[in-house]
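Source: prediction; values computed, not measured.
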Amino acid sequence: MFFNNKLKRVLDVEKSETEFAEQMEGVELEKADRPALVIAAFIVFIPALLLVIGFFLLVIWLFFGRFV
């Protein structure tokens, strides 16, 4: 198989989590990192959420709103 290493990494979650924890042990967040992460999350999730809400509104309008 071509993806044996990736498959083993996905199936052995505990080992992957411990390796990640070891890698992140010495990394410290700076003062502005947390707000930057929150802003980045809003930039990613708000448009996706608006698209999902828009899709549901379109479906609702197609089923109920056209006949009024």
Side-chain angles (χ1 to χ4, degrees):
M1 260 184 137
F2 292 113
F3 302 106
N4 262 346
N5 290 337
K6 289 185 181 184
L7 185 63
K8 287 179 185 177
R9 186 172 50 217
V10 169
L11 292 177
D12 194 7
V13 177
E14 291 177 11
K15 181 181 174 188
S16 297
E17 286 181 358
T18 55
E19 287 177 2
F20 178 74
E22 289 173 1
Q23 290 175 353
M24 296 303 293
E25 215 170 81
V27 177
E28 300 255 348
L29 291 178
E30 292 181 10
K31 182 180 178 183
D33 284 345
R34 194 167 305 260
L37 289 171
V38 171
I39 292 170
F42 280 131
I43 289 173
V44 170
F45 291 124
I46 294 296
L49 184 64
L50 289 176
L51 283 174
V52 170
I53 290 171
F55 174 75
F56 281 117
L57 288 175
L58 177 67
V59 168
I60 290 170
W61 178 76
L62 286 174
F63 280 116
F64 302 111
R66 291 188 310 165
F67 306 114
V68 175

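To the nearest 0.5 Å, the span separating CG on L29 from CE on M24 amounts to 7.0 Å.
Scanning for side chain to side chain contact (heavy atoms under 4.5 Å, CB included) contacts around L11 gives L7, with sequence neighbours left out. By the side chain to side chain contact (heavy atoms under 4.5 Å, CB included) test, L62 pairs with L58, R66, sequence neighbours left out.
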Show the atom names and distances, to 0.1 Å, of all donor-acceptor pairs under 3.5 Å that link a side chain in residues 14-22 to residues at least two apart or in another chain.
residue: S16; atom: OG; partner: R9; partner atom: O; Å: 2.9
residue: S16; atom: OG; partner: D12; partner atom: O; Å: 3.2
residue: T18; atom: OG1; partner: E14; partner atom: O; Å: 3.2
residue: T18; atom: OG1; partner: K15; partner atom: O; Å: 2.7

F64 and I60: side chain to side chain contact (heavy atoms under 4.5 Å, CB included), yes or no, with the steps?
CA-CA 6 Å; F64 302 111; I60 290 170; 4.0 Å; yes
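Linking ILVMFWY residues whenever their side-chain heavy atoms come closer than 4.5 Å, directly or via other members, places F63 and F55 in the same cluster. F42 and L50 end up in the same hydrophobic cluster when Ile, Leu, Val, Met, Phe, Trp and Tyr side chains are linked at under 4.5 Å.
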